[in-house]
Protein chains: 2
Amino acid sequence: MLPQTHYDYENRQMCPEPVEHSRAEVRRAQILAAAVDCFRQHGFHGASISQISKAAGMSPGHIYHYFENKEAIISAIVASDLERFLVLTAEIRSACNVREAMLARVAEGIDQCLDPLTAGLKLEIVAEASRNPHVAEIVRTADQVCRESLMLTMRDMRHAAGHDDDDTTLAAMVEVFVAMFEGLQIRTIRNQDIDRSIVIPLFQNALRNLLDHTP
Amino acid sequence: MLPQTHYDYENRQMCPEPVEHSRAEVRRAQILAAAVDCFRQHGFHGASISQISKAAGMSPGHIYHYFENKEAIISAIVASDLERFLVLTAEIRSACNVREAMLARVAEGIDQCLDPLTAGLKLEIVAEASRNPHVAEIVRTADQVCRESLMLTMRDMRHAAGHDDDDTTLAAMVEVFVAMFEGLQIRTIRNQDIDRSIVIPLFQNALRNLLDHTP
DNA sequence: CATTCTAGATCGAACGCTCATTCCATGTTA
DNA sequence: TAACATGGAATGAGCGTTCGATCTAGAATG
């Protein structure tokens, strides 16, 4: 386990977490957790401040001491959500055996994508990004950082296997790689009876084919 | 071009379209077109009946002569959206050369998935399905029919190539196949600068690997 | 240690607005 | 004339947000 970090958007690097325990930080976390619950159940626009405040165990007005408005809550969730992914990719890249770490995380990633609760919120976030420019900016910035991190990881893996790819090829491989995972999030909503024991090996095989691809 | 058809949910088969031109049908279509526009821009819960009625060029109250409530509009859009896909798969299966038809449609499908406007609404629909049981039921029923149709198509293709797969394997291949396409819908929102000229061939190659897969 | 002070935490009523929906008067068609 | 199409105001509920009143914990003071 790496120490807790977060992504510093201004300086574009990971920073150690100051592990805040102040009352304010606790309250903020309470609100965010409650909001995640509500957004999962009713969507961004369907969930009301009143609902969120009830779930967080405080008055509606009090929410506004910690967040400027409802959209700020959305942004905070999106940001923290994607920060967690950045930590994950950083962990993979800092492992001794990058390939092993990656393959291990693949199984983990598939499981997470196939969890309907997680997938539902992720889809809500992307759908919101498709029309809310503010959310779109956060989502796209973090996505770019993730892709860059994955590109570096993939370049290492491929180089060890004797391939020497240019950046455009690597970027395309990352696109298809990520698309496959994100596609699972949609599948788990559209089909609740996925036969995991057959689908997961097939999926992993397709991933391996992609990673070992020769032009 | 096949004649216009729609999917009869009760009898589980395609039916010829009665091509209605009555005033009521025209009005309904107007409302649905306006609603699609509004939902794209503001989401299901963000778009109001008043907005939709303005876009459709009629009064808010009049909407309720054609749809019981707002959710009925959502359902009608989802249903017609997915019916169009059912028509597409039926078209592929009825082609002389199924493999050729399929590969041609693949390029078409990639283009459609990479269009942010189309993708945005599809994601909105899936996100809504992840929490609205009524929408979920429509989405899942249609998805199942699509998968069955794709399974038949894929069985033909694979059989011609000397493979004889059992149903679970075929179902899994369909899952991964569809997941890849649906993943593109998310990618086109998260990354607006996808290099199509490199990504699409790589994506098609990955698809071919999947279709020619040997266990 | 006891008291006072103060700044932040917290509440919940209130505001202005918009929403989905209803309803009835009016217009249109056959 | 009868049946349907349409408009638009009315309704009541709920929304995001604001705001002033109260509470509380802990520093400052004596």
Side-chain angles (χ1 to χ4, degrees), chain A residues 18 20-78 124-125 127-128 131-135 138, chain B residues 18 20-78 124-125 127-128 131-135 138:
Chain A
E20 298 260 6
H21 284 302
S22 72
R23 188 198 312 259
E25 285 300 316
V26 172
R27 281 305 204 196
R28 254 186 84 97
Q30 267 182 354
I31 295 172
L32 288 182
V36 164
D37 264 5
C38 293
F39 289 154
R40 270 207 245 269
Q41 284 178 56
H42 308 102
F44 281 149
H45 298 285
S48 71
I49 293 286
S50 155
Q51 279 175 329
I52 294 170
S53 74
K54 237 165 245 159
M58 66 185 70
S59 71
H62 197 38
I63 302 264
Y64 289 84
H65 277 260
Y66 297 100
F67 294 94
E68 200 188 338
N69 51 36
K70 196 181 173 185
E71 191 168 289
I73 303 179
I74 298 177
S75 295
I77 288 179
V78 175
E124 180 74 22
I125 290 172
E128 180 69 16
R131 58 188 126 81
N132 180 329
H134 191 203
V135 173
I138 298 175
Chain B
E20 299 261 5
H21 286 302
S22 72
R23 188 198 312 260
E25 283 302 314
V26 172
R27 281 303 203 199
R28 253 187 84 97
Q30 267 182 353
I31 295 172
L32 287 183
V36 165
D37 264 5
C38 293
F39 290 155
R40 268 206 244 271
Q41 283 177 55
H42 308 101
F44 281 149
H45 298 285
S48 72
I49 293 286
S50 157
Q51 279 176 330
I52 294 170
S53 75
K54 238 166 244 159
M58 66 185 69
S59 71
H62 197 38
I63 301 265
Y64 289 85
H65 278 260
Y66 297 100
F67 294 93
E68 199 188 338
N69 51 34
K70 197 181 172 184
E71 191 167 290
I73 303 180
I74 297 178
S75 295
I77 288 179
V78 174
E124 181 74 22
I125 290 172
E128 181 69 16
R131 59 188 124 81
N132 181 329
H134 191 203
V135 173
I138 299 175

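Please read these numbers as outputs of a predicted model, since none were measured by experiment.
- When the side-chain nitrogen and oxygen atoms of A:Tyr64 are compared with OP1 and OP2 of D:dC19, none of them lie within a distance under 4.0 Å.
- Under 4.0 angstrom from either OP1 or OP2 of D:dG8 there lies no side-chain N or O belonging to B:Ser59.
- With sequence neighbours excluded, no residue satisfies ring pair (Phe, Tyr, Trp, His ring centres under 6.0 Å) with A:His45.
- Candidate nucleotides D:dC15, D:dT17, C:dA20 were compared by shortest atom distance to the side chain of B:Ser48, and C:dA20 ranks first.
- Distance B:Ile49 CD1 to D:dA10 P: 20 Å, rounded to the nearest Å.
- As a whole-Å value, the separation of B:His65 NE2 from C:dT22 C1' is 10 Å.
- For A:Asn69, the listed nucleotide lying nearest its side chain is D:dT17; candidates were D:dT17, D:dA25, C:dC11.
- For B:Arg27 and D:dT6, the shortest distance from a side-chain N or O to OP1 or OP2 is below 4.0 Å.
- Rounded to a whole Å, the CD1 atom of B:Ile52 is 7 Å from the P atom of C:dA20.
- Residue contacts for A:Phe67: at a heavy-atom cut-off of 4.0 Å it reaches no nucleic acid atom on any strand shown.
- Counting to the nearest Å, the C1' atom of D:dG16 and the CD1 atom of A:Ile74 are 12 Å from each other.
- Annotation for B:Ile52 and B:Ile31: closest pair CG2-O, 4.2 Å, computed over non-hydrogen atoms.
- When distances run from any side-chain atom of B:Tyr66 to the nucleotides C:dA9, D:dA5, C:dT21, the shortest one goes to D:dA5.
- Taking for each of A:Phe44 and A:His62 the nucleotide of DNA chain D with the nearest heavy atom, the 5'-most of the two is the partner of A:Phe44.
- Relative ring orientation between B:His62 and B:Tyr66 is described as perpendicular, the plane-to-plane angle rising above 60° on a 0-90° scale split at 30° and 60°.
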